[in-house]
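Keep in mind it's a predicted model, so treat the numbers as computed, not measured.
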Amino acid sequence: MAPAMRVFFMGSAELACPGLEKLRTAPGMLMVGVATQPERPKGRSLRPAACPVCAHVARLGIPVLMPENINAPESLETLRRLRPDVIAVVAYGQILKRPLLELPPLGCVNLHASLLPRYRGAAPVQWAIARGETVTGVTTMFMSEGLDEGDIIFQAEEPIRPDDTAVSLQARLARRGAELLDQTLRSLRAGTAPRRPQSAGDATYAPRLKKDDGRLDWTRPAEEICNRVRGFNPWPGCFLTLPAPRRLSVKVLQARAEPAAPPAAVPGAVLQATGAGPLISAGAAAVRLLSVQPEGKKPMSGAAFLCGYGLRAGVVLPS
């Protein structure tokens, strides 16, 4: 019987957990260690908290590394002692440099949550929804020093549903990606893994999200605003600011695009303050706010928001 394939796994985000569990329990594979990001301050208390992958493996007895720099000499030495045949990387959060990429005999492979070369970068799920895509997927690739530029091994498509948020879509991609990662490692072990260079001319990018990406700009088309509300849920979340004297920040949790009347209204103008929620002028159409969360309050329906916060038709929200 052939010896088990020695796998070292690197991942931090929730997206990585199904892939880790799939490889950990797969016949013919031996998980020799896991690397995650160190504990970081989190929440209002800023207490150190473990990332999802670290919390997942804490009870499993697998060696766990949490280096500030996975490329540091001491990290490389630890990896050499573990003798991995392959390193599998999913949503890890650190860039791997050449000495590390060349360490395992079968190389380093990455699972990325897009159909590369589209949406290279840190937030492919969020930006695919925000930009109105209807199809995305997962890709496994041989890692290189460039950002998501490695040769493609396998890909699998996944439709983006009209009601998807980043949370719901990422959950499906994580499950689809776990199967693809398992297929990839088995193909590597058999020596049958395909290798297809990416077309740099077709590349698009999904940069790391910032808090300000969630600020609603009412000059954007209404459909784009609604896509951003879905794509940036739960973080950074899309938000508006009520005009003076309140100047209160309000997170928009759910919205839909509707025709505007009149269509030439000032962007950000409240067109209606009745019904399921306020109707706000945006682009050549309008956005109905169906669910919101005012700062310091619990989520509420758009109708409840109208009752409690006194928005009136004609008020213009700041961008």
On the six-membered ring of Phe9, is Arg24 placed so that its NZ or CZ lies under 6.0 angstrom from the centre and within 45° of the ring axis?
no
According to a 4.5 Å side-chain heavy-atom criterion applied to Ile, Leu, Val, Met, Phe, Trp and Tyr, with indirect links allowed, do [X] and [Y] form part of one hydrophobic cluster?
X: Leu173; Y: Ile129; value: yes
X: Tyr119; Y: Ile160; value: no
X: Leu306; Y: Leu240; value: yes
X: Met10; Y: Leu180; value: no

[X] [atom1] to [Y] [atom2] distance, which is reported to the nearest 0.5 Å:
X: Phe154; Y: Asp182; atom1: CZ; atom2: CG; value: 11.0 Å
X: Arg215; Y: Asp212; atom1: CZ; atom2: CG; value: 4.5 Å
X: Leu100; Y: Asn71; atom1: CG; atom2: CG; value: 5.5 Å
X: Leu253; Y: Thr165; atom1: CG; atom2: OG1; value: 11.0 Å
X: Leu96; Y: Glu102; atom1: CG; atom2: CD; value: 12.0 Å

Exam field: side chain Ser187 to backbone Ala193, donor-acceptor pair closer than 3.5 Å:
yes
Please check if the side chain of Asp151 supplies one atom and the backbone of Arg195 the other of a donor-acceptor pair under 3.5 Å.
no
Note, Asp148 side chain near Asn110 side chain (heavy atom, < 4.5 Å)
yes
Taking C-beta and beyond as the side chain, do Val250 and Glu295 meet within less than 4.5 Å on heavy atoms?
no
Heavy atoms from other residues, nucleotides or ligands near CZ of Arg131 exceed 12 (cutoff 6.0 Å)
yes
For Asp213, is there an ion pair with Arg228 - N to carboxylate O distance below 4.0 angstrom?
no
Hydrophobic cluster of Leu116, others only, ordered by chain and residue number, side-chain cut-off 4.5 Å:
Met141, Ile152
Please tabulate, for the side chains in residues 274-287, all donor-acceptor contacts under 3.5 angstrom to protein atoms that are two or more places apart in sequence or on a different chain.
residue	atom	partner	partner atom	Å
Ser281	OG	Ala265	O	3.4
Ser281	OG	Val266	O	3.4

